[in-house]
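For reference, the structure is listed below as C-alpha cells.
Numbers restart at 1 for each chain; the letters A, B, ... are given by sequence-line order, proteins then strands. Just so it is clear, the values below take in all heavy atoms, side chains as well, and ignore hydrogens, waters and symmetry mates. In this text, all values refer to a predicted model and were calculated from it rather than measured experimentally.
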There are 2 protein chains.
Amino acid sequence: MENKLPTIKEIAKRLNVSVSTVSRALSDHPRIGLRTKTRVQELAKELNYEPNSQAIFFKQKKTYVIGVILPYIREEFFSEAIRGIETLALEHDYTILLGQSFDDFEREKKVLDAFKKQRVDGVIISLSKQTNEYTHFESLEKYEIPIVYFDRVPPFKQVHKVYCDLRKGTIEMVNWLFNKGHRRIAFINGPDKIHASKERLDGYIDGISGKKIKVDMQLVERTDLTKESTHKAMENLFKTKNPPNAVITFNDYVHLDAVQYAKQHHIKINKEVLFISYANLPVTSYVAHPPMASLEQYPFRQGEKSMEILMELIKAKNEKRTLKAWFDEKIPATLITTRS
Amino acid sequence: MENKLPTIKEIAKRLNVSVSTVSRALSDHPRIGLRTKTRVQELAKELNYEPNSQAIFFKQKKTYVIGVILPYIREEFFSEAIRGIETLALEHDYTILLGQSFDDFEREKKVLDAFKKQRVDGVIISLSKQTNEYTHFESLEKYEIPIVYFDRVPPFKQVHKVYCDLRKGTIEMVNWLFNKGHRRIAFINGPDKIHASKERLDGYIDGISGKKIKVDMQLVERTDLTKESTHKAMENLFKTKNPPNAVITFNDYVHLDAVQYAKQHHIKINKEVLFISYANLPVTSYVAHPPMASLEQYPFRQGEKSMEILMELIKAKNEKRTLKAWFDEKIPATLITTRS
DNA sequence: ACTGCTTGCGCAAACGAGTGCGCAATTTGG
DNA sequence: CCAAATTGCGCACTCGTTTGCGCAAGCAGT
C-alpha cells in the first residue's frame with residue numbers, strides 16, 4: 001500500500017510547514033521552535049522516516065563506500081586482509097565494494113572503472129600479478145579518489161602503500177636455515193613483475209651473501225604461482241646432481257604445490273629437504289606437510305593499516321588539506337616456527 | 001588546476017546551448033541537429049566528460065549495487081560463491097558490496113542496515129548460524145529491496161532461495177558408506193538453527209532407515225562448528241564401547257577438526273574409521289587426511305544462480321511486474337569420491 | 001496565403017535533501 | 001513607548017541529470 005518511501009516533503013505537506021523547517025527540525029536546528037520540532041519528529045517516527053542517504057551523498061559528493069580490489073579472496077591472506085579493512089570500515093560507517101582481479105590485468109582495469117563510476121571515496125588495491133603498467137590509476141586522480149596499495153604494491157615511490165619488509169624477513173629465513181646447517185638453499189620465487197618478488201630475491205641474495213657463501217643462481221627459480229609452474233621449478237631444482245636441501249617458497253600455496261611434487265617424486269620431505277615459506281596461513285596447520293617455518297605477514301594488520309591510511313587521506317581531502325608526503329608503511333614480518 | 005569535474009552544465013555554457021540540449025545530444029536524441037550534436041560530443045570528448053552516475057542513479061532510484069552478506073569469505077565455499085556472484089554481476093554492470101557477518105547475528109543486522117542506507121538494488125545473503133529470527137529482513141520490504149537467500153536459507157517458504165538438496169545428498173552418502181560395509185555411521189551435524197542441519201539430519205535418518213537398520217541417536221552429534229565443539233563431539237562418539245566405523249561431518253572444516261582429534265587420540269583414520277564430508281573444497285586435496293568422499297555443493301553455481309534470480313527480481317520490480325511465486329532453486333549435490 | 005507537419009531547441013520541473021538569507025512576529029531593554 | 005535583539009519559519013537556490021511540453025522557424029501541400 002504505502003508504496004512511496006516517506007520523504008521530508010511528505011512530512012512538510014502533512015504538517016503544513018516548509019521542507020526546510022522539517023529538515024532543520026530533524027537535525028535539531030536551534031532556530032526551530034520546540035512545538036514544531038516535536039511535531040515534526042513525532043510524525044517522522046510515525047512514518048518511519050529515514051533520510052535518503054543516496055540524496056545526501058549526492059549533494060555531499062561522498063558515498064561512504066570504498067573499493068577494494070585484490071587478486072583472489074579465496075586466498076586466506078587476502079580474506080584476512082579484507083577482514084581488517086572491513087572491521088575498520090564499519091567503525092567509520094564505511095562499506096566496501098569488492099572486486100577480484102583474478103590476477104588478470106584487463107579485469108583489474110574493468111573493476112577499477114566500475115568503482116570510478118560508483119564514485120567510491122577511496123580505493124585499496126593489491127595489484128594483479130600481470131600489472132606492470134599503471135596508467136589506469138591516473139584517471140582516479142582526476143576524480144580525486146585516493147588509492148592505497150597493499151602487499152602487492154607498485155615499484156615506485158609516489159604512491160601510498162602498506163607492505164611487509166620482506167627483504168629483512170627473507171634474510172631472517174636464510175639465517176634460520178643456515179643455523180640449522182643448510183647450505184644449499186633453493187628459492188622458488190614469484191613473477192618478476194610483482195615488487196614483492198624483487199624484495200624477496202634481494203633478501204635471499206643478501207642473506208646468502210652475508211654468510212660468505214656464494215650465491216648460486218641455479219638454486220633460484222621463478223614461477224607464475226600456478227601449480228604447473230611450481231612443479232616445473234621443482235623439476236629444475238631436483239633434476240640436478242646437486243639438489244637443494246632446503247627450499248624457500250614464495251607463499252604457502254606454492255609450498256603446497258612444491259610439497260605435492262616432492263611427494264609424487266619420492267623426495268623425502270623434512271629429511272632430504274626442508275621446506276619453509278611465506279604467509280603462515282591457518283589452513284596449513286591441517287595439511288600433511290606444513291612448512292617448517294613461515295614468514296607471517298599479518299594480512300589483518302595490513303588491511304587495517306591500509307584502511308587507516310585511506311581514512312586519513314579522505315579526511316585530508318575533505319578538509320582540503322594537502323598531504324606533505326606519501327605514506328610508506330612497512331609492517332615487520334616475523335618468522336613463525338611453531339606448528340601444530 | 002582543473003579541479004571541477006566537467007558537467008553537462010559546463011558544456012552547455014561553453015557552447016551557449018541549454019543543458020537539455022547537451023543531455024539529448026549526448027544520448028543521440030533524434031530531435032537534435034547534427035551540427036549541435038557533433039559540437040557537443042566533440043567538446044565532451046575534449047573535456048573528458050563522464051556522466052555523474054551518482055546523479056543518474058539518484059534520479060533513477062537505482063544504484064547498480066547489490067549487497068552480499070555471508071558468514072566468512074575465508075571459507076572457500078563462500079569465496080567461490082562470491083566468484084559466481086561477481087562474474088554475473090560484472091556482466092550486468094553491477095558491483096557488489098561485501099559484508100561478513102562472522103556468524104554473529106548483531107553484525108548481520110548492522111551490515112544489513114548499512115546496505116539499506118546505501119540503497120542497494122538487492123541483497124544476496126547466507127545466514128549467520130545464530131540467525132533464527134527474521135524480522136530485520138522485513139524493513140527491506142519497505143524499501144522494496146529484493147532478497148535472495150542461498151545455502152543457509154530460512155526455514156520457511158515465502159522467500160526466494162537457492163540451496164542444495166542435502167537430504168537427497170545425505171542419503172547418497174549413507175548409501176555409499178553402507179555399500180562399503182559400514183553399519184555404525186556417526187553423524188556430526190551443525191547447529192539446529194541452520195536449516196541445512198535439519199536437511200542433513202533428515203537425509204541421514206532417511207538413509208539409515210532405508211537400510212532397515214535402527215537409527216541410533218547416540219551416533220548423532222550436534223556442534224556449533226568450532227574446533228572445540230567438534231572435538232567434544234568426537235570425544236562423545238569414541239568414548240563409548242561401540243564407536244562408529246564411519247563419520248559424516250557437517251563440512252570440510254569440521255572434517256579437518258575431527259581428523260585432528262582422531263590423530264591426537266590415535267584413532268586409525270581410514271582403518272578404524274572412515275571420514276566423509278560435505279563441500280569438497282579444493283584445499284582438502286593438500287591435507288594429510290582428506291575425506292574419502294565429499295558432497296559437492298557447487299558454490300560457484302549457487303552464487304551464479306542467486307545472482308540470476310536477483311537480476312530477475314530487480315527487472316520485475318523495474319517493470320512493476322509482480323511475481324507469481326517464490327523462487328526455490330534446488331541445486332543437485334553430488335558425491336565426489338576421486339581424491340588426489 | 002493558409003493550414004499542418006517536421007525540425008531544432010529551450011524552459012522548467014523533478015529526484016531528496018541542505019542552507020544562506022530575509023521577513024515577520026515576538027520579546028527584551030532602556 | 002519605541003528601538004533593538006531575538007525567535008520562528010519560509011523562499012529559493014544547489015547538487016547533475018533526465019524529460020514532457022511548448023515555441024518558433026522552415027517546409028510542403030492545397
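Between B:Y134 and B:F156, the ring-plane angle classifies as perpendicular under the 30° and 60° cut-offs.
Using a 4.0 Å cut-off between a side-chain N of Lys or Arg and a carboxylate O of Asp or Glu, B:E86 and B:R83 do not qualify as a salt bridge. The residues B:E144 and B:K317 are annotated as not salt-bridged, no charged nitrogen and carboxylate oxygen being separated by less than 4.0 angstrom.
For the ring-ring contact (aromatic ring centres under 6.0 Å, His included) condition, the pairs that include at least one residue of residues 103-133 of chain A, sequence neighbours left out, are A:F105-A:H136. Within the structure, salt bridge (Lys or Arg N to Asp or Glu O under 4.0 Å) pairs that include any residue of residues 16-33 of chain B comprise B:D28-B:K37 (at least two apart or interchain).
In the model, B:T131 has no side-chain atom that pairs as donor or acceptor with a side-chain atom of B:K193 under 3.5 Å.
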Considering only nitrogen or oxygen atoms on both sides, find all protein atoms under 3.5 Å from nucleotides 16-18 of chain D and state each distance.
from	atom 1	to	atom 2	distance (Å)
D:dG16	OP1	A:K61	NZ	2.8
D:dT17	OP1	B:Y49	OH	2.7
D:dT17	OP1	B:N52	N	2.9
D:dT17	OP2	B:I8	N	2.7
D:dT18	OP2	B:S23	OG	2.7
D:dT18	O2	B:K59	NZ	2.8

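Put simply, the side chain of A:T21 never gets that close to the backbone of A:V17: no donor and acceptor are under 3.5 Å apart. A donor-acceptor pair under 3.5 Å is formed between the side chain of B:T38 and the backbone N or O of B:L34.
For DNA chain D, none of the residues of residues 36-43 of chain B falls under the heavy-atom distance limit of 4.0 Å.
Taking atom NE2 on A:H29 and atom C1' on D:dT7, their separation rounds to 12 Å, with Å as the unit.
Between chain B and DNA chain C, the heavy-atom contact criterion of under 4.0 Å yields a 5' to 3' nucleotide range of C:dT7 to C:dG16.
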Just distance, no hydrogens or angles: give the donor-acceptor pairs under 3.5 Å from side chains in residues 61-70 of chain A, sequence neighbours left out.
from	atom 1	to	atom 2	distance (Å)
A:T63	OG1	A:V65	N	3.4
A:T63	OG1	A:R119	O	2.9
A:T63	OG1	A:D121	OD1	3.2

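A distance of 6.0 Å or more separates the ring centres of B:Y163 and B:Y149.
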